[in-house]
Amino acid sequence: MIIFDKKLYVSLTCQKTGHNFTKIAFKPLHTNLFNTVLLSFFLTLGCGNLYSQDIKSKKNALPTAKQADKPKTTVTESPVDTVKVDSIKPKKTFLDGKVKYRAKDYAKIDQKKKLITLYNEAELYYKDVELKSGIIVLDYEKDEVYAGRIKDSAGVLIQYPNFKQGASEVQPDSIRFNFKTKKALIYNSRTEQGEFRIKAEVTKKENDSVYFLKRARFTTAKDIDDPEYYFLTRKVKFVPGKKIVTGLTNMVIADVPTPIALPFAFFPMSEEKSISGIIIPSYNDSNTRGFSLQNGGYYFALSDNYDLTVLGDYYTNGSYAMRFESAYAKIYKYRGNVNIRFENLINSERGYPDYSKQNIYNIQWSHSKDSKSNPNSTFSASVNLGSSKYFKQSINQANVGSNLNNTLSSSISYNRTFNTLPQARIAVTATHTQNTQTEVINMTLPSLQASIDRVYPFVGKDGVKKGFIKNINLQYNLSGKNSYVTTDSLFFKPQMFRDAEIGMQHSIPLSTNFKVFKYFSASASANYQETWVNKTIEKSYNIDQSKVIDRTVNGFDAFRTYNFSSSLGTTIYGTFKFGENKRIQAIRHVMRPSISYAYTPSFEKYYDTYALDATGTTIKDYTRFEGGIYGSPGLSNSNIVGFDLSNTFEAKVRDSDSTKTEPKKMMLLNNLNFSTSYNFNADGETTFAWEPVRVSGGTQLFENKMNVNFAATLNPYAIDNSGQQINVFNIDNGGSLFRMTSANVTLNYSFSNKGTGKDDKNQQSQRNGGRNDDLFGTNTDLNDTRNSQFSEDDNEDDVITKFFNAKLPWDMTMAYSLTYSNVNRENKISGNSIMISANMDITPKWKGGVSTGYDFVQKGVTFTQLRFERDLLSWRMAFNWTPLGEFSNWNFFIGIKSGILSDIKWNKRSTINR
């Protein structure tokens, strides 16, 4: 091995005469790799002998000139060299690491010019530098490397250089790099930094962290050599992973310069997932609110676990809107998001007859806890509350599905399981339901549920629970509520809290189950309940006002109730065989009949009387617990027998695939249920002994893509000429056994040429309280339409392949509803409508969709929305139009897809006609 601080000597011996006629001393070489190459070159002559001289110790010197004249083929001992050691220390080599290289055609060494040339698929590796190119020239005297392209047989330049140092990668036409100074000169470089693709005519690498570029173009287009748009700048300072600072910059679209220019520009860049920054607003105008700036604000990248987006809109007539959006997550712990929206809406101008002003808001919070964090506790939240008219009047939301929804609901819950014996559970929940039509709000802040697991007091040490006695079990349940009933106008105002009701209910259920005659399953249960309340009422008759006065009595009160129930059921299996050579080989019918009995005694002791009139006539018709949070005890006893029959039908069908030997199972009816009940205490006037028979069923067709559900109500009693139900069976009144009073059928069908139904794409609509499909159109944030209206899952290459095969992706959803009413002999179809939603890739770059429907009863078109979208490679253009109805509007958008340049857009829309 040749050591760097030694000189390398080679003595050459003539093979004919055997005389040693010269010696060559080499200076210290740069790397072991170069030593090996040069050493191999001389040794191939077959006559070389190597010596290394230690400069400091002067050992192993070469023979003197006189000694060299003597014929010697080998030297066993070298005399001391009389030449003095040079006092100047040798220059330390710059290559302090291994150099590896290879080439397909050749690796040429020019010792005179100090060059190593690698040709065709050349590769060179040194430390963190990786260089691949058609040709590489290493000048190890100047410590520089050159790389460039080569020509193929047709004269086309191929094998562009690929220079990689650390995380930075450049693909230029040619490059010149100095290992010592780390400086480089790069021509027509191509590199990627985040979402940006950069190409510059000349790039000067000052050091590892600073680049200077001349005539550079920046774009997010995939093809940097032929982009559909780019930003052209003459001078650039580029700091990888941090920033790009440019001089005069203007936008070029389709190689046509535009007047859009900036005297200077600053592009922040970061290797982090996101950085804080300003969100540029978009301009719009409205006939009722004037000009506006919308969707402007600031994005705060607060940490890796959470962020915050603040957005606002302002209209020249004084209307404004604010939105706060935050998403948060912690791995293996939790994740969620919060949206708070507020709008101050002013319609028209002050002094005009149509002037109006109102404030609306909406709060949404979604939170889920990872079960891995603690399996014994869970915390979840799903909140959607606010103004009842928010989705109907918002200037930021176009969501017909949410507009048509009549209910907003919320739930926040915490559950905890205690691993005791018996096991105990506790749940604290806050709930909210809001009717957007009546604006009535029901809230529990909070409700408490606690329970102790079942205890089997008669089970022996063997733990076997068999029979009536051993299956007897009991448990304890506790429920508490702090309930508020209010309206939009009184929400979170003092009156709301004054009207609060607090209650608690304790229950101890006792139950058992056992077998009867081997095939029947029986169960029996008794339940004891005790209810505590903080408010009761007291009724009295006011003679002066001639009406009953209700007075609220504050204070603790309680009532106790109990009931008994039992049931008996079995399962019957039947199979009808048609033969193995038939298409339908067999049909299996499963019946589950059951009979139940429930008894609740009268609790008339909790009922009071009051004077009805001046004569002192009284009536016992009210309880002080009336309207309580947990209801009130019953005045009359309940003695009811219930009958239920459920059925399922399944077929065994020969498979169309002849290679399969086993038949295929096909569900004919998932369920077909019949239920009714008989009340032994019916009086025949206000209550009737037999309840109407309720029939319901459902099935799935076409490989489970179509859901079919139906239901009907069959009343056994007749009605008189005025339409009132009488205590006479319909068959005894000259009619049929049952009178169908109502029926409905619903069909839902989703299919596509992709083989499976489309996924739920309208998740925001579902969060708002609407549907998760697009039968009522897609949910559209009118001020932020950067997201596509269609699925973005399709691979572009696959789409093109499908285009040439005439198999463009499409999907379709259909919903049909039919309702029949005959309560008072009207015998009419009260509802008959169909809704259809379809989406299709018209071409590989054009997408279209429609949501529409038709009401056959009202004879009119239902909600209709048309959707179009054009994929402009790095740009996207979208048009959304609702031509009919109360929510008619249109929206046009064109902008860059990339999130880093999402503010470069143009959005124009009409005002929703509300």
Residues that Glu201 engages under salt bridge (Lys or Arg N to Asp or Glu O under 4.0 Å), provided they are two or more places apart = Arg215
Looking only at side chains, do Asn337 and Tyr328 share a donor and an acceptor under 3.5 Å apart?
-> no
Assess the side chains of Thr220 and Ser898: does a donor N or O sit below 3.5 Å from an acceptor N or O?
-> no
Lys/Arg cation over aromatic Tyr146: Arg176, 6.0 Å, 45° cone = no
Worked verdict on Trp875 versus Tyr229 for ring-ring contact (aromatic ring centres under 6.0 Å, His included) = CA-CA 9 Å; Trp875 293 64; Tyr229 87 98; 5.6 Å; yes
Can you say whether the rings of Phe300 and Tyr298 are parallel (under 30°), tilted (30 to 60°) or perpendicular (over 60°)?
-> tilted
Passes side-chain hydrogen bond (donor to acceptor under 3.5 Å, both in side chains), Asp143 versus Asn178? Steps please.
-> CA-CA 6 Å; Asp143 305 336; Asn178 189 291; 5.9 Å; no
Under 30°, 30 to 60°, or over 60°: which ring-plane class applies to Phe177 and Phe163, parallel, tilted or perpendicular?
-> tilted
Do Glu228 and Ser874 have side-chain N/O donor and acceptor atoms under 3.5 Å apart?
-> yes
Check: Asp152 side chain, Ala154 main-chain N or O, donor-acceptor pair, under 3.5 Å | yes
Is atom NZ of Lys151 surrounded by more than 12 heavy atoms (other residues, nucleotides or ligands) closer than 6.0 Å?
-> no
Can you check whether Phe218 and Phe231 have ring centres sitting under 6.0 Å from each other?
-> no
Please say whether more than 12 non-hydrogen atoms of neighbouring residues, nucleotides or ligands are located less than 6.0 Å from NZ in Lys114.
-> yes
Nearest heavy atoms of Glu123 and Leu118, plus distance in Å | O-CD1, 3.8 Å
Identify all side-chain donor-acceptor contacts of residues 250-259 below 3.5 Å with residues at least two apart in sequence or on another chain.
unit_1: Asn250; atom_1: OD1; unit_2: Arg234; atom_2: NH1; d: 3.2
unit_1: Thr258; atom_1: OG1; unit_2: Met251; atom_2: O; d: 2.6
unit_1: Thr258; atom_1: OG1; unit_2: Ile260; atom_2: N; d: 3.4

Parallel, tilted or perpendicular: which fits the ring planes of Phe879 and Phe892, with parallel below 30° and perpendicular above 60°?
-> tilted
Is the count of non-hydrogen atoms from other residues, nucleotides or ligands lying under 6.0 Å from Lys235 atom NZ greater than 12?
-> no
Give a yes or no on this: more than 12 heavy atoms of other residues, nucleotides or ligands lie within 6.0 Å of atom CZ of Arg335.
-> no
With distance as the sole criterion, is a donor-acceptor pair present between the side chains of Gln171 and Asn188 under 3.5 Å?
-> no
Identify whether the distance between the nearest side-chain nitrogen and carboxylate oxygen of Arg217 and Asp225 falls below 4.0 Å.
-> no
Kindly write out the residues that satisfy salt bridge (Lys or Arg N to Asp or Glu O under 4.0 Å) with Lys183, not counting sequence neighbours, or none if the list is empty.
-> Glu206
Would you please indicate yes or no on a ring centroid separation below 6.0 angstrom for Phe238 and Phe212?
-> no
Checking salt bridge (Lys or Arg N to Asp or Glu O under 4.0 Å) for the pair Lys897/Asp871: CA distance, chi angles, key distance, verdict?
-> CA-CA 10 Å; Lys897 293 179 182 177; Asp871 185 359; 2.6 Å; yes
Atom CG of Asp105 and atom CD1 of Ile150: how far apart are they, to the nearest 0.5 Å?
-> 7.0 Å
So CE of Met840 and CH2 of Trp846: to nearest 0.5 Å the spacing works out to 14.5 Å
